[in-house]
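Computed from a prediction, not measured in an experiment: that's the story for all the values here. Numbered from 1 within each chain, the chains take letters A, B, ... in sequence-line order.
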Amino acid sequence: MPIQISDDYHHQPIEQAAQEYWRAKQSFKVRAQPGKPKFYCLSMFPYPSGRLHMGHVRNYTIGDVIARFQRMRGKNVLQPMGWDAFGLPAENAALKNQVPPAQWTYENIAYMRGQLQQLGYAYDWDREIATCHPDYYRWEQWFFTRLFQKGLVYKKEAEVNWDPVDQTGLANEQVIAGRGWRSGALVERRKIPQWFIKITAYAEELLAALDQLDGWPERVRVMQQNWIGRSEGLEFSFEVAGSDERLTVYTTRPDTVMGVTYCAIAAQHPLALKAAASNATLAAFIKKQDNLKVAEADLATVEKEGMDCGIRVIHPLTGAAVPVWVASFVLMSYGSGAVMSVPGHDQRDFEFAHKYGLPIKQVIAPADGSAHDINAAPYVEKGRLVNSGAYDGLDFDAAFDALQTEFENRRIGSKQVNFRLRDWGVSRQRYWGAPIPIINCPACGAVAVPESDLPVLLPTDIEFDGSGSPIKKMRSFIDCACPHCGGAAERETDTFDTFMESSWYYARFACARHSDGMLNKDDVDYWLDVDQYIGGIEHAILHLLYARFFHKLLRDEGLVQSDEPFKRLLTQGMVLKDGAKMSKSLGNTVDPESMIAQYGADTVRLYMMFTSPPDQSLEWSDSGVDGAYRFLKRLWKVIGGFKATPVMLDTAALNAAQKELRLKTHTTIRKVSDDYERRQVFNTAIAAVMELYNELSKFLSAQDCQDGAQNQAVVQEAMQAMVLLLGPIVPHACHVLWQHLGHDAALIDAAWPEVDESALVQHKVNVAVQVNGKLRAVLELSADATHEALQAAAHADVTVQKFLEGLTVRKVIVVPGKLVNIVAN
RNA sequence: GCCCGGGUGGCGAAAUUGGUAGACGCAAGGGACUUAAAAUCCCUCGGGGGCAACCUCGUACCGGUUCGAUUCCGGUCCCGGGCACCA
């Protein structure tokens, strides 16, 4: 159905016609075409929460703009979409609305798919994935059993937030002021057996490879680097007085060992628990530490408290008895759960020592010989050793070496590389997730479910009462035979962390319907890696680190070839309104659907791309949307009212005004191309097209555009450029306008415009003239003026002469074609 | 608390490699058209001074480097993201 170009812009028929064209032609369905350059553009898939929010619209518009741009650049572009469909909100909704999580999730998916389609995104919908579907999670289960066989997963006791009333583990966000969100019971930390994947075995590689991720934002790389937290130090042990046990600690500052005046251990440390058995006050202190949720932010901000547990350890160098304190700030999950404390040279130890009257000893002095008052503040820099007996005078490195030798000779310590990164706990005590494919046999222990028995289906015919996962009470799910010995056994009832699903979906999109294995080699080899990944900055560490890790696991299983999954990463900022993140609880949301109904998808897309650069937060403004809408109306009117004709551009026959317009057209093409490709900022690209529009308007009102073939030619060139350059952002209107400009092929199949360098040549440029760094004149001068000519012109200017009066010129700085700065006093 | 960002007109922002601060848009004010309104079009639009030419101050705050700093360095304040079970 062809669109009638009338004077008025009506988004609805335009968007319908363009979307109908793409659907009928299956424009975005792609297949691997070996030999043809590909571009895999992926936006982080959404959790199907019910309706799209503006953050989704922003994320997916950025992705769509890049995908459509790359297509016009001649690439075979894959842009898929799917659903990160397992997770907590489905369980919450089930409780609230009495709807089973599966039903709720699939209904949300259907609704949100419709919303995405209204926005005109160039997705290959034939590759749609929902991670809660057995066709997806079966391969995740299969892969976990492979890791199990390789020894890359293990089970150990680990703490969760335990709700003693509901008898279930709680997510951090379900613990409110120390209480379970539903039961209101005081939450306690409890150890339960859980599955872990050995991400620490890949810590060194995950860290080293960050250097090669040059398509990633620097800040994301730095955050991941600090998260992995590699350090080199000395691990050694103290002899526990009156016992044959030892207390192991790790330090990155072995040069300060002589300054140890106490040791600090976690409340859950075995020595602490042992001491508490015969010390009621200590037991109470330890119990108090348990009423804190399992979140580092909570632990780190809590008041630093401690108690002498009565145990003494023997200082390995001095032989002195050193007290051992139980301290709230020592985490059992880091290292050995114990630290040596050097209040003279560590801020936290210093404050703790002050609070409890523990001795402070200076063993490091500034290397430059200056004095330092150790009772006023700790000296935390590296320096020279003092008060350290045989080690006096050594610097950090020499002291490190000497201590290392000493401890190694005595077999009480060694050099150690440590990581802050901990192994990935993947067990969740929740229902709506992929079942962990393990069977616990009383005789054989934990046994992987054999491949032929996969998938372990998550039962969906369940009663959901909120007090724990229903499958934990479902004997028909639990009871099974051991695959090894055939004896009676029990199925694991925990499900996977949902980060598991989102760690490999990018690879599955290459072969979403493949049923003979996790990944299909030919498809994966063609489409991977992801050329452009787009998502929120909030995923900078966890999701992106797990996905990088998973990629390496896939590689080592022979399923993918490369070392890293995502070549280039764009982290988009949040969508705010009235200075705060849009959220239901604040009641400041703007519904994308009503915006699309009122203004159309093109306006919403244009506004979102125009109002902020993608990596910054975006402040929503209703009148800004009006502005975007007005621009589209103007664009529609001026191009729609233009009649294209076949005419040859003759660059030799142009007058000055025509040359000016061509200059603007081609500087715009150059700038916009650079903004899309290299800088990935779309607000300035749109601003540049608006400038071209303004210049074209002036040109049209100054001249009769029917006046001569060359006028027609340069106007047509400018209009074509605007439609092509805006095409990725405003695809529907541009689709129709492109046809109107006389093209048979669709805009999505048109080539990106090329810059005509000859149109860019300028004979005159504006040169700024400064006196002592202050702007005093702007001169229009020949573009190829020499240093001398620039200087002479600057000195000849009346204003410049006025400011030089009575001064002696000391120096003249000339930046050719740009600026002259006369330094005088 | 720790790690990482950000702070420029009334507002969203621009200034890409240290070189003319405020492009582009919004809002506002004035004008044209209209019986009127809407829509559209034109003009003005960082603060202070001046009839004007123009001068002066100004990029969170304090200091530094430089001929020249929104940009680089040191410090401070405020806002945001993450902190391993929200996704």
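Among the heavy atoms of the strands lying under 4.0 Å from Val778(A) is at least one base atom, whether or not backbone atoms are also near.
In this entry the distance linking CG of Leu576(A) with C1' of G6(B) reads 12 Å, nearest Å. For the pair Gln224(A) CD and G5(B) C1', the interatomic distance rounds to 15 Å; values are reported in whole Å. If you measure from atom CD of Gln225(A) to atom C1' of C2(B), you get 15 Å, rounded to the nearest angstrom. Going from atom CD of Glu691(A) over to atom C1' of A15(B) covers 12 Å, rounded to whole Å. Across the protein-nucleic acid pair, Asp298(A) atom CG and C2(B) atom P stand 16 Å apart, rounded to whole Å. Distance, Lys293(A) NZ to G1(B) C1': 15 Å, rounded to whole Å. Atoms NZ (Lys664(A)) and P (A23(B)) sit 13 Å apart, rounded to a whole Å. Between Lys577(A) atom NZ and C11(B) atom P the separation is 18 Å, expressed in whole Å.
Between the side chains of Arg230(A) and Gln225(A), no donor N or O sits under 3.5 Å from an acceptor N or O. A donor-acceptor pair shorter than 3.5 Å can be found between the side chains of Glu351(A) and Gln347(A). For the 3.5 Å distance criterion, the side chains of Trp181(A) and Glu173(A) fail to qualify, holding no donor opposite an acceptor. Side-chain atoms of Trp83(A) and Tyr136(A) form no donor-acceptor pair, as typed in the model, at a separation below 3.5 Å. A side-chain N or O of Ser183(A) and one of Asp163(A) form a donor-acceptor pair less than 3.5 Å apart. With hydrogens and angles left out, the side-chain atoms of Ser328(A) and Lys304(A) include no donor and acceptor closer than 3.5 Å.
Partners of Tyr629(A) by side-chain hydrogen bond (donor to acceptor under 3.5 Å, both in side chains), not counting sequence neighbours: none found. In this view, Ser231(A) and Tyr250(A), Thr252(A), Asn418(A) satisfy the side-chain contact (heavy atoms from CB on, under 4.5 Å) rule, not counting sequence neighbours. Residues satisfying the side-chain contact (heavy atoms from CB on, under 4.5 Å) criterion with Glu296(A), sequence neighbours excluded, are Leu331(A), Tyr334(A), Arg420(A). With sequence neighbours left out, the salt bridge (charged side-chain N to carboxylate O under 4.0 Å, His left out) criterion links Asp497(A) to Arg428(A).
For C24(B), neither phosphate oxygen OP1 nor OP2 lies less than 4.0 angstrom from any side-chain nitrogen or oxygen of Asn683(A).
Each of Ala300(A) and Tyr693(A) has a nearest nucleotide on RNA chain B; the 5'-most of these lies closest to Ala300(A). Annotation: of the two residues near RNA chain B, Lys671(A) and Gln616(A), the 5′-most nearest-nucleotide partner is Gln616(A).
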Taking distance alone, no hydrogens or angles, what donor-acceptor pairs closer than 3.5 Å link side-chain atoms of residues 668-676 of chain A to residues at least two apart or in another chain?
residue	atom	partner	partner atom	Å
Thr668(A)	OG1	Lys664(A)	O	2.6
Lys671(A)	NZ	Asp675(A)	OD1	3.3
Lys671(A)	NZ	Asp675(A)	OD2	3.1
Ser673(A)	OG	Ile669(A)	O	2.6
Ser673(A)	OG	Trp752(A)	NE1	2.9
Asp674(A)	OD1	Arg678(A)	NE	2.9
Asp674(A)	OD2	Arg678(A)	NH2	2.8
Asp675(A)	OD1	Arg679(A)	NH1	2.9
Asp675(A)	OD2	Thr684(A)	OG1	2.8
Asp675(A)	OD2	Ala685(A)	N	3.2
Tyr676(A)	OH	Leu725(A)	O	2.6

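Applying the ring pair (Phe, Tyr, Trp, His ring centres under 6.0 Å) test between Tyr607(A) and each of Phe682(A), Tyr599(A), Trp620(A) identifies Trp620(A) as the sole match.
Taking each heavy atom of Ala783(A) and Gln762(A) in turn, the nearest pair found is CB-O, 3.4 Å.
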Under 4.0 Å protein heavy-atom contact, by nucleotide of nucleotides 80-87 of chain B - B base, S sugar-phosphate only:
SBSBBBSB
Nucleotides 67-74 of chain B: protein proximity per nucleotide (B base, S sugar-phosphate only, - neither; heavy atom, under 4.0 Å)
B-------
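Within the structure, every pair that satisfies the side chain to side chain donor-acceptor pair (under 3.5 Å) test and touches residues 810-825 of chain A, not counting sequence neighbours, is listed here: Arg810(A)-Asn825(A). Sequence neighbours left out, the pairs with a member in residues 51-61 of chain A that pass salt bridge (charged side-chain N to carboxylate O under 4.0 Å, His left out) are Arg51(A)-Asp591(A), Arg51(A)-Glu593(A).
G48(B) takes the anti form, because its glycosidic angle lies more than 90° either side of 0.
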Nucleotide N/O to protein N/O under 3.5 Å, stretch nucleotides 25-27 of chain B:
residue	atom	partner	partner atom	Å
G25(B)	OP1	Asn694(A)	ND2	3.3
C26(B)	OP1	Arg630(A)	NE	3.4
C26(B)	OP1	Arg630(A)	NH2	3.0
C26(B)	O2'	Ser623(A)	OG	2.7
A27(B)	OP2	Arg630(A)	NH2	3.1

Set out, line by line, the N/O atom pairs under 3.5 Å between protein and nucleotides 47-57 of chain B.
residue	atom	partner	partner atom	Å
U56(B)	OP1	Arg776(A)	NH2	3.4
U56(B)	OP2	Arg776(A)	NH1	2.8
C57(B)	OP2	Lys774(A)	NZ	3.0

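Cation-pi contact between Lys156(A) and Phe196(A): present, with separation from the ring centre below 6.0 Å and deviation from the ring axis of at most 45°.
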Secondary structure of RNA chain B per the Watson-Crick/G-U criterion (both distances under 3.5 Å; [ ] crossing, | other strand, . unpaired) is (((((((..(((......[....))).(((((.......))))).((((....))))..(((((..]....))))))))))))....
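Here the two rings, on Phe329(A) and Phe352(A), have centers that are under 6.0 Å apart.
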